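Please read all numbers here as calculations on a predicted model, not as lab measurements.
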Amino acid sequence: MFNIIREHILYLIFAYRNNSVVVFFKLLISPLSKDFRRDKECELLNEQLQVLITQKEFQKRNQLIVNSPILSKITSLNIFLAGEKHNLESEPIWNINYPDEEINLSLHRFGWLLVKVASKKISEDQAISYISHWINNNKSINEQGWDSYSVSERLNNWNLICGEYISRLKPDDPIRISIKLQAELLLSKIEIRGTSTNNHIFNNGKSLYISGLILDDSKLIEAGKKILSFSIKRNFYKSGMNKEGSSHYQIILTRGFIEILWFSLNFSQEVNFFKYKDIAKKCLLASKFFFEIKPFPFIGDISPDFRLDFFKDLIEVGILVVERDFKSLKNLNSESWSYFLTRPKKKYPINFHHKVKRSSEIYNEPSKYQDAGYYKFTTGDFCVSIFLNPGRAVMPGTHAHSDILSFILNYKGENILFDSGRSSYTNDKFSRYGKSIKAHNSISIDGRELQIVHGLNGYPELMEEIFLGNPAKIEYQEDPLMIKLSYLKTRFSKEKIFLERQLIFSKETLVVTDNIKGLFKHKIETRFHLNTDIISTKDTIVEAKFKNSSLQVDIDCIDYNINQIQGLKKNRSNYFSIKTDNYGEFQESNSIFIRQDRELPINNRFTFNFF
């Protein structure tokens with residue numbers, strides 16, 4: 001909260017000096033206006049959906065559903081809910097109370113059931129029994145798990161597990177009625193949030209569309225299509241990369257498009273398949289961009305819905321679905337998400353002898369997604385990945401972090417400098433750390449973020465663009481590889497600070513040069529997060545050992561102190577170092593930071609020598 005108040009006070013000072021105090025107060029009270037976050041495209045979508053909404057008495061109708069029969073004995077299960085190990089008893093208790101609400105809602109979203117069925121831990125009949133038990137014990141929409149996103153996830157996962165079974169049920173079957181009512185409720189509560197509308201609306205549309213296909217309900221299909229068309233324009237760049245600044249969410253969203261294609265082929269005519277084939281293929285290539293980096297780079301937030309390894313064969317299976325290669329799909333033996341796509345349902349005839357004309361070149365992903373700000377460079381044994389936020393700030397409704405000027409470095413197939421990820425969505429010090437500049441291989445000035453990050457150090461929608469500044473820039477040449485990142489930081493009362501970071505690669509060396517130009521004295525902190533437990537610091541040298549190499553970092557700075565941060569161990573600066581690969585979990589890690597307290601300009605040079 002202190003950081004938020006500080007930035008808005010500094011914005012007031014900025015507004016006073018620029019004669020825009022009136023604008024400051026107009027923006028400050030703008031949340032009180034009905035036009036706050038108003039979006040004409042969202043309003044148009046809402047008008048189109050209102051025509052389709054006929055469900056008025058959901059609560060009463062849901063209470064009248066007779067109990068769904070339990071097909072198979074329910075057994076006690078150990079499951080993971082958003083990183084938390086949970087025991088689901090043989091007589092499940094559905095309303096749970098963990099401190100992190102994502103854990104509680106995960107139980108109602110049924111992603112855990114997908115994992116258990118795919119890994120052959122329970123049968124499909126047992127899965128249907130868990131679904132029936134939930135229906136019998138969760139009839140009040142005022143209880144846990146009835147928010148729109150949870151309804152969307154629940155329907156998506158139920159449909160994937162047993163869509164063909166549901167499609168064969170009689171119209172008066174409790175499961176079929178429940179899905180119908182939940183979909184109608186969702187249609188009346190689509191997550192349209194004006195300018196903050198995010199990926200949730202994609203999930204809403206996908207859920208309605210697929211539920212409509214399974215139930216043969218034209219109204220739900222039409223609503224789903226309208227929402228998906230809106231989401232494709234709103235949530236994705238033309239390249240197929242998501243607009244939310246998260247590599248993990250790119251995988252989650254791509255999974256959604258592949259399922260849309262699969263259900264379109266199995267439960268409708270091919271025209272619906274071709275409607276989404278192009279964007280699905282682009283999203284698949286964008287996901288391949290990240291999977292090709294080893295290990296996977298967790299840029300931005302990590303989704304609580306599924307672990308990354310559940311989609312380990314997303315690219316292979318996605319290509320087979322896009323190419324309608326059902327013969328190859330049937331031959332896969334999977335215990336992950338793709339298990340559910342290896343069993344064609346054949347509601348409509350599928351041509352298993354469809355000739356697949358596939359060229360490997362078609363599925364070569366680009367190394368740069370400039371519209372989305374993602375760049376990947378390789379030279380010799382080096383691979384460097386960069387996310388450069390294309391916006392002026394990290395806006396609401398996104399999953400991006402404060403990572404201006406940061407980069408991820410691999411050498412000889414091993415991660416050297418990592419992006420820490422974010423351990424949870426709770427408002428604790430570990431979650432805030434994951435979003436902050438401290439968790440990235442970058443620079444902070446006077447303890448402040450380089451950009452305004454929604455909810456972390458301010459609310460950019462309440463600030464003028466001139467205060468937020470322009471997006472960071474990148475320039476590069478390929479041979480020899482040289483990358484230049486630059487950013488003009490304008491949020492100081494008496495000066496502008498220009499930061500330029502240059503990365504120059506040679507055979508076994510990376511030279512990082514930071515030029516910081518300004519007028520006054522500032523506290524500069526530069527951080528590097530090293531993916532190893534073996535680090536030593538002495539004078540101007542940092543030494544580290546990795547599995548495939550050793551590293552020596554020579555530091556050429558003026559008036560500095562070098563500090564090593566070891567996990568959660570106490571240190572003079574009260575800093576810590578952690579990394580996250582799964583939501584709800586983190587591992588202690590090692591970082592170094594170089595602190596300077598001196599007048600600008602300064603020129604720092606860090607030479608990474610590998611041997």
J.: So which heavy atom on Trp146 is nearest to which on Asn138, and how close?
T.: CZ2-O, 3.0 Å

J.: Is the backbone of Ile227 close enough, under 3.5 Å, to the side chain of Ser231 for a donor and an acceptor to pair up by distance?
T.: no

J.: Assess the side chains of Ser385 and Tyr374: does a donor N or O sit below 3.5 Å from an acceptor N or O?
T.: no

J.: Going from NZ on Lys206 to CG on Leu155, what distance comes out if it is rounded to the nearest 0.5 angstrom?
T.: 11.0 Å

J.: Quick check against the 3.5 Å criterion: does Asp428 have a side-chain atom that pairs as donor or acceptor with the backbone of Ser431?
T.: yes

J.: Assess, by modelled atom type and distance only, whether the side chains of Asn199 and Glu244 contain a donor and an acceptor separated by less than 3.5 Å.
T.: yes

J.: State whether the side chain of Glu184 and the backbone N or O of Ile53 hold a donor-acceptor pair below 3.5 Å, judged by distance alone.
T.: no

J.: In terms of the angle between their ring planes, are Phe290 and Phe296 parallel, tilted or perpendicular, with boundaries placed at 30° and 60°?
T.: tilted

J.: Answer yes if the side chains of Asn156 and Asn203 hold a donor-acceptor pair under 3.5 Å, and no otherwise.
T.: yes

J.: Look up atom NZ in Lys243 and atom CD in Gln250, then write down how far apart they are to the nearest 0.5 Å.
T.: 12.5 Å

J.: Just by distance, with hydrogens left out, do Asn46 and Glu43 show a side-chain donor and acceptor under 3.5 Å apart?
T.: no

J.: Report yes or no: do Glu191 and Ser148 form a side-chain donor-acceptor pair below 3.5 Å?
T.: no

J.: Taking atom CD1 of Ile93 as the centre, does the number of heavy atoms from other residues, nucleotides or ligands within less than 6.0 Å exceed 12?
T.: no

J.: After noting the C-alpha distance and the side-chain angles of Tyr459 and His454, does the key distance pass the ring-ring contact (aromatic ring centres under 6.0 Å, His included) rule?
T.: CA-CA 5 Å; Tyr459 297 97; His454 178 84; 5.1 Å; yes

J.: Within the 3.5 Å criterion, strictly below it, is a donor on Tyr425 or Glu101 matched to an acceptor on the partner's side chain?
T.: no

J.: What class does the angle between the rings of His108 and Trp134 fall in, given that below 30° is parallel, 30 to 60° is tilted and above 60° is perpendicular?
T.: perpendicular

J.: Phe230 versus Thr197: any side-chain heavy-atom pair under 4.5 Å?
T.: yes

J.: Is it the case that the side chains of Tyr149 and Asp305 hold a donor-acceptor pair, with the cut-off being a distance below 3.5 Å and no angle test?
T.: yes

J.: Is atom NZ of Lys438 surrounded by more than 12 heavy atoms (other residues, nucleotides or ligands) closer than 6.0 Å?
T.: no

J.: Output yes when a side-chain donor or acceptor of Glu84 lies under 3.5 Å from a complementary backbone atom of Ile103, and no otherwise.
T.: no

J.: Hey, can you tell me if Phe202 and Phe257 have their rings parallel, tilted or perpendicular (30° and 60° cut-offs)?
T.: tilted

J.: Using a distance-only test with no angle check, is there a side-chain donor-acceptor pair under 3.5 angstrom linking Asp309 and Ser336?
T.: no

J.: If we only count heavy atoms from C-beta on, is the Trp158 to Gln182 side-chain gap below 4.5 Å?
T.: yes

J.: Considering all heavy atoms of both residues, which atom of Gly318 and which atom of Leu284 are nearest to each other, and what is their separation?
T.: C-CD2, 3.5 Å

J.: Test your reading of the model: is there a side-chain donor-acceptor pair from Asp39 to the backbone of Cys42, 3.5 Å cut-off?
T.: yes

J.: Between Leu160 and Glu259, which heavy-atom pair has the shortest distance, and what is it?
T.: CD2-OE2, 3.3 Å

J.: Output yes when a side-chain donor or acceptor of Arg255 lies under 3.5 Å from a complementary backbone atom of Leu314, and no otherwise.
T.: no

J.: Would you check, one step at a time, whether the test side-chain hydrogen bond (donor to acceptor under 3.5 Å, both in side chains) holds for Ser152 with Asn204?
T.: CA-CA 5 Å; Ser152 297; Asn204 299 162; 2.8 Å; yes

J.: Is the distance from the ring center of Tyr369 to that of Tyr237 below 6.0 Å?
T.: no

J.: Please test Trp337 against Phe311 for ring-ring contact (aromatic ring centres under 6.0 Å, His included), starting from the C-alpha separation and ending with a verdict.
T.: CA-CA 6 Å; Trp337 157 82; Phe311 303 105; 5.8 Å; yes

J.: For Val394 versus Pro460, what's the shortest heavy-atom pair and its separation?
T.: O-CG, 3.7 Å

J.: So, for Ile177 and Pro171, which heavy atoms are closest and what is the spacing to 0.1 Å?
T.: CG1-O, 3.5 Å

J.: Determine whether Ile578 and Tyr433 make a side-chain contact, defined as any pair of heavy atoms from C-beta on separated by less than 4.5 Å.
T.: yes

J.: For the backbone of Ile96 and the side chain of Gln144, can you confirm whether one donor and one acceptor N or O come within less than 3.5 Å of each other?
T.: yes

J.: Using modelled atom types only, decide if a donor and an acceptor are shared between the side chain of Ser338 and the backbone of Leu341 within a distance under 3.5 Å.
T.: no

J.: Show me, pair by pair, the donor-acceptor contacts under 3.5 angstrom made by side chains of residues 111-120, not counting sequence neighbours?
T.:
from, atom 1, to, atom 2, distance (Å)
Trp112, NE1, Leu107, O, 2.9
Lys116, NZ, Asn78, O, 2.8
Ser119, OG, Val115, O, 2.8
Ser119, OG, Lys116, O, 3.2
Lys120, NZ, Ala118, O, 3.3
Lys120, NZ, Ser334, O, 3.0

J.: Return the minimal non-hydrogen interatomic distance between Tyr583 and Ser303, and the atom names on each side.
T.: CB-O, 3.7 Å

J.: Hydrogens and angles aside, do Ser211 and Asp217 bring a side-chain donor and acceptor to less than 3.5 Å of each other?
T.: no

J.: Do Tyr276 and Trp262 make the cut of ring centroids closer than 6.0 angstrom?
T.: no

J.: Who are the salt bridge (charged side-chain N to carboxylate O under 4.0 Å, His left out) partners of Arg307, not counting sequence neighbours?
T.: Glu585

J.: Asp278 and Lys282: salt bridge (charged side-chain N to carboxylate O under 4.0 Å, His left out), yes or no, with the steps?
T.: CA-CA 6 Å; Asp278 184 59; Lys282 288 179 178 178; 3.5 Å; yes

J.: Between His200 (side chain) and Ile190 (backbone), is there a donor-acceptor pair under 3.5 Å?
T.: no

J.: Look at the aromatic rings of Phe586 and Phe430 and report parallel, tilted or perpendicular, splitting at 30° and 60°.
T.: tilted

J.: To the nearest 0.5 Å, tell me how far Thr75 OG1 sits from Gln126 CD.
T.: 5.5 Å

J.: Just checking, is any N or O donor in the side chain of Asp301 or Ser246 under 3.5 Å from an acceptor N or O on the other one?
T.: no

J.: Considering residues, nucleotides and ligands other than Lys312, do more than 12 of their heavy atoms fall under 6.0 Å from its NZ?
T.: no

J.: With a 3.5 Å cut-off and no angle check, do the side chains of Ser68 and Asn136 form a donor-acceptor pair?
T.: no

J.: Is it the case that Asn427 and Arg432 place a side-chain donor and acceptor less than 3.5 Å from each other?
T.: yes

J.: Does the Ser129 side chain pair with the main chain of Asp125, one donor and one acceptor, at a distance under 3.5 Å?
T.: yes

J.: To the nearest 0.5 Å, tell me how far His248 NE2 sits from Asn582 CG.
T.: 7.5 Å

